[in-house]
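Computed from heavy atoms alone, side chains included, the values below leave out hydrogens, waters and symmetry copies. Nothing here was measured: the structure is a model prediction, and the numbers come from that model. Lettering follows sequence order; numbering is per chain, from 1.
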Number of protein chains: 2
Amino acid sequence: MKNFINLTKNNQLFSGIEEKEIEAMLKCLNAKIKSYDKNQYIYRFGENISSVGLVLCGSVYLVKDDFLGNQTILSEAGVGQIFGETYACVPAETLEVSIITAEASEVMFLDIQRIMNVCSSTCVFHARLIRNLLSVLAEKNLNLTRKMLHMSQRTTREKLLSYLSAEAQRNCSTVFKIPFNRQQLADYLAVDRSAMSNELCKLRDDGILSFNKNCFKLNE
Amino acid sequence: MKNFINLTKNNQLFSGIEEKEIEAMLKCLNAKIKSYDKNQYIYRFGENISSVGLVLCGSVYLVKDDFLGNQTILSEAGVGQIFGETYACVPAETLEVSIITAEASEVMFLDIQRIMNVCSSTCVFHARLIRNLLSVLAEKNLNLTRKMLHMSQRTTREKLLSYLSAEAQRNCSTVFKIPFNRQQLADYLAVDRSAMSNELCKLRDDGILSFNKNCFKLNE
DNA sequence: CTCATTTCGTTGGATATACAACATATTCGT
DNA sequence: ACGAATATGTTGTATATCCAACGAAATGAG
């Protein structure tokens, strides 16, 4: 177990908790570690899960089979990130997605009940653990809400303006960088890349904004 | 305080906690109650909040001013429902939305730090409180993810099929009712109502589904 | 029952989008 | 510096969407 302690320090769940405390907590939480080859299922559609997964090494995909039978990657979790927390927190819901390793990986599983039910020993750090978990869920929530707002705009131009002005606001500046290239931005806004590229140039020609690669400037 | 105990029983946060315990917990949590007239701001854009609001009576809107200056209602919280929990759980983020009363309302405020940091007295019930909060966040997460999946389809037909097949799957039946009328479904999928209505009929004529009001049946 | 209101389906025209195909620009390894 | 690979911009066309307007059907109140 000890060789993973260093890994568990810089992650979403144990951040802010002292190293020696983590070791004690892992026992208390009855943490289990499992190894996987590439492209192995960790959780399958339809299962009812009660554990959060923490990626110790490697990375995993959260995938969904749509109504046409296509499998798409919804998100990825790398070292230090967690997965399954949403379904683990709602016992009534069975998985509508699956988790597959993107490469050979090691995963630590933590029972959600043990996370939620505070043990007597290290209450201060346990509170931090809970705070971290709440924080992960809340941040995902914020990101989903933001994305949804942009996507609910009807035209590509409106989607772009909605996204870019929100980013400007978040950065407290009319000049800012975005974490996407054109294709990724198009996927994020659920539009065609070439059409979006076209619309970006129209916005530039209309004097509404200017850009260079992934750096944007909103006018006025 | 006592006259609100009955109200706090059937709500998202205190569900599953015994009445007498709630009273003790409210003191321990330092719960504050405030009254509002109609159309009053409870939380404003830009604020940094540290409390979760619980609607005791009345109802509140979560509103957002978009880049065009329009104010839109993103969601509503009625009696027993909470608001602000997402931002309260992420101290680094300031409000990108505002909360306004939809009618004269009473709201109980609970400090998020006190919710997260377990007090010594009633650990069992406190764990339940935390479980409830996690559950609220996780469920919102699930709903946002589902909506996002449908909205990211490119055509109205695909959006409809994505939504309807997901609903069939969730209900474990090809026959099911949806909680929307046509306008609400169109808003949910971010498409035009008349175009959607048209597409629904095409799907019916193509033999893919049939419907009567808000009751649907998927074929095959 | 009747009338008013809301919901739902239908149509046509202006506009926007997706898609494919290609041109240009940038990045990266050697 | 060079070419290969990738990213970005541009264009045309078929298709889909939005929007407005309207009629039919369902709902609800009196």
Residues which pass side chain to side chain donor-acceptor pair (under 3.5 Å) with A:S59, listed by chain and number, not counting sequence neighbours: A:E103
Write down the distance between [atom1] ([X]) and [atom2] ([N]), rounded to a whole number of angstrom.
X	N	atom1	atom2	answer
B:Q153	D:dT17	CD	C1'	16 Å
A:K202	D:dG9	NZ	P	14 Å
A:L189	C:dA16	CG	P	18 Å
A:E199	D:dT10	CD	P	13 Å
B:N198	C:dG13	CG	C1'	14 Å
A:F180	D:dT6	CZ	C1'	19 Å
B:L203	C:dG9	CG	C1'	15 Å
A:D192	D:dG12	CG	C1'	14 Å

Given C:dT10, C:dT17, C:dC19, the nucleotide with the shortest approach to the side chain of B:S194: C:dT10
Considering only side-chain heavy atoms of B:R182, which listed nucleotide, D:dC18, C:dC19, C:dC8, is closest? C:dC8
Do A:R182 side-chain atoms and A:K213 backbone N/O form a donor-acceptor pair below 3.5 Å? yes
Under 4.0 Å between a side-chain N/O of [X] and OP1 or OP2 of [N], yes or no?
X	N	result
A:R154	D:dT17	no
A:R193	D:dT8	no
A:T156	C:dT17	yes
A:K213	C:dT27	yes

Which part of the nucleic acid does [X] contact within heavy-atom distance under 4.0 Å: base, sugar-phosphate only, or nothing?
X	result
B:F211	sugar-phosphate
B:N181	sugar-phosphate
A:T155	sugar-phosphate

Heavy-atom nearest nucleotide on DNA chain D taken for B:M196 and for A:S197; more 5' hit belongs to A:S197
Which label fits B:F180 and B:Y163: parallel for a plane angle under 30°, tilted from 30 to 60°, or perpendicular past 60°? tilted
Taking NZ, NE, NH1 and NH2 as the nitrogens, is one of them in A:E167 or A:K217 under 4.0 Å from a carboxylate oxygen of the other? no
Are A:K159 and A:E199 close enough for a salt bridge, meaning some N to O gap below 4.0 Å? no
